[in-house]
Amino acid sequence: MLRGLLRAYALLFFAAGLLFVFGERLTLAWIGAAGALAGAPALAPGGASLWLGLTGSLMAVLTFLALRLSRAPGRAEAWDALLLSKTVSSGLFVLFAARTHNPLFLGAAAVDGGILAHLLVLRARYEGARDPLAPRPGPPAYEAWFARLGDPATGRALWVRRVRRDGPDGPESSVWAVFMEPGRGPVAVRRWAEAPGSWTLAPDRLQGAGPGVSWDLSWSARGVPAFAVVPAWLRALGLARGYDSAAPAARFEGRASLDGAEWTFSPGLGGLGHVWGEGLGRGWWWARASFEDARGGPAVV
């Protein structure tokens, strides 16, 4: 259904472009007739002009974006461009209405605003139906998965992270592991270039190995659904990177090793996260916790 709706939008944008470029007088006559019911002055046709050429160019781009999404709905950059176009056009039409006191522009804002709202709904439904553990399709220049877990008996904790980023010589991947133990001074941090076996994330398993460290853990989600920490509209406007809490509350258990010392993790709560975007953030500040609430269910902060 999503693909069919996006193809319909591609056809709509294509037809609108043809009408504006090759049937400007007819199109403005239709709009003027509708506006006359609200007492709006008619818009005079401008004929061949720079602005009409830009209108045709924009409609061609929107047609291309909608067709691309109909074939590959996971391409975030195509969604971002399509939604940004409709956000800007809706806002400009409202501005034009205020400046010219012509309600015809409000009608145009309502049309583009309706398309924008529907596209946002379509994208949200697609995102909600995605497997939260699947890599992002398309070309995010930076993508990171991370897991955090603790042992309720000893207070020991483990944080592991796999990063893929586009470097000057092509894609690069690395794995981090941070071992924390109460009362033992500085944490142990290891980082290495990814190789086969460095990181495996499956729906029920988390495994990895690197210089002096390894982990083999089973995990299961604990009733808190995956959610987007960063709202889709912020991502659509290019104001933030993507951040999904893929498994906000998950129960981990298994073993890990640090320089030959065995660490055992009895069943305890942790979580999985997923960050992606065009590049690394300048820095991160965060506080996050998963615990059992008073009724015995999982709670996430």
Side-chain angles (χ1 to χ4, degrees), residues 2 5-70 73 75-128 228-243 277-278:
L2 172 65
L5 287 171
L6 288 168
R7 284 193 292 269
Y9 271 121
L11 181 60
L12 173 66
F13 297 141
F14 181 72
L18 291 178
L19 283 173
F20 275 114
V21 174
F22 298 107
E24 181 196 17
R25 290 183 178 275
L26 178 61
T27 303
L28 290 179
W30 290 342
I31 296 174
L37 299 177
L43 297 174
S49 67
L50 172 64
W51 312 117
L52 197 61
L54 290 175
T55 299
S57 173
L58 173 62
M59 289 302 175
V61 171
L62 295 182
T63 300
F64 171 79
L65 291 172
L67 279 176
R68 174 62 61 89
L69 285 172
S70 72
R75 300 198 62 95
E77 74 283 3
W79 279 112
D80 293 348
L82 193 56
L83 293 171
L84 180 61
S85 170
K86 288 300 158 189
T87 300
V88 172
S89 63
S90 300
L92 287 176
F93 283 137
V94 172
L95 177 62
F96 296 160
R99 289 179 58 184
T100 65
H101 306 289
N102 189 337
L104 274 177
F105 289 114
L106 291 179
V111 172
D112 270 15
I115 293 174
L116 171 64
H118 188 224
L119 289 172
L120 283 170
V121 169
L122 292 180
R123 185 177 192 180
R125 287 180 178 174
Y126 171 77
E127 295 283 350
V229 179
V230 176
W233 67 269
L234 277 177
R235 299 201 310 271
L237 295 176
L239 300 178
R241 296 169 178 83
Y243 180 6
E278 295 181 359

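Fair warning: this is a prediction, and the values are worked out from it, not measured in the lab. Computation of the quantities below employed the complete heavy-atom set of this structure, encompassing side-chain atoms and omitting hydrogens, waters and symmetry-equivalent molecules.
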With sequence neighbours excluded, give me every salt bridge (Lys or Arg N to Asp or Glu O under 4.0 Å) pair touching residues 100-118.
K86-D112
How long is the gap from CG on L120 to CG on L83, to the nearest 0.5 Å?
5.0 Å
All heavy atoms of G56 vs all of V21, minimum pair found to be CA-CG2, 3.7 Å
Kindly write out the residues that satisfy side chain to side chain contact (heavy atoms under 4.5 Å, CB included) with V111, not counting sequence neighbours, or none if the list is empty.
I115
Report the residues that fulfil side chain to side chain contact (heavy atoms under 4.5 Å, CB included) with L11, sequence neighbours left out, ordered by chain and then residue number.
none
Rounded distance [0.5 Å steps], CG in L5 versus CG in L12:
12.0 Å
Spacing of CG belonging to L67 relative to CZ belonging to F13, to within rounding of 0.5 Å
10.5 Å
Pairs in or reaching into residues 90-99: which pass side-chain hydrogen bond (donor to acceptor under 3.5 Å, both in side chains), with residues at least two apart or in two chains?
none
Side chain to side chain contact (heavy atoms under 4.5 Å, CB included) involving R7 - partner list, sequence neighbours excluded:
R3, S70
Donor-acceptor under 3.5 Å (S57 side chain, G53 main chain)
no
Could you tell me which non-hydrogen atom of A66 sits nearest to which non-hydrogen atom of L6, and how far apart they are?
CB-O, 3.6 Å
CG of L69 to CZ of F64: how many Å apart, nearest 0.5 Å?
9.5 Å
The criterion is side chain to side chain contact (heavy atoms under 4.5 Å, CB included); which residues satisfy it with F96, sequence neighbours excluded?
L92, F93, F105
OG/S85 to CG/D80 distance, rounded to the nearest 0.5 angstrom?
12.5 Å
When rounded to the nearest 0.5 Å, the distance separating CG of L2 from CG of L122 is 6.0 Å
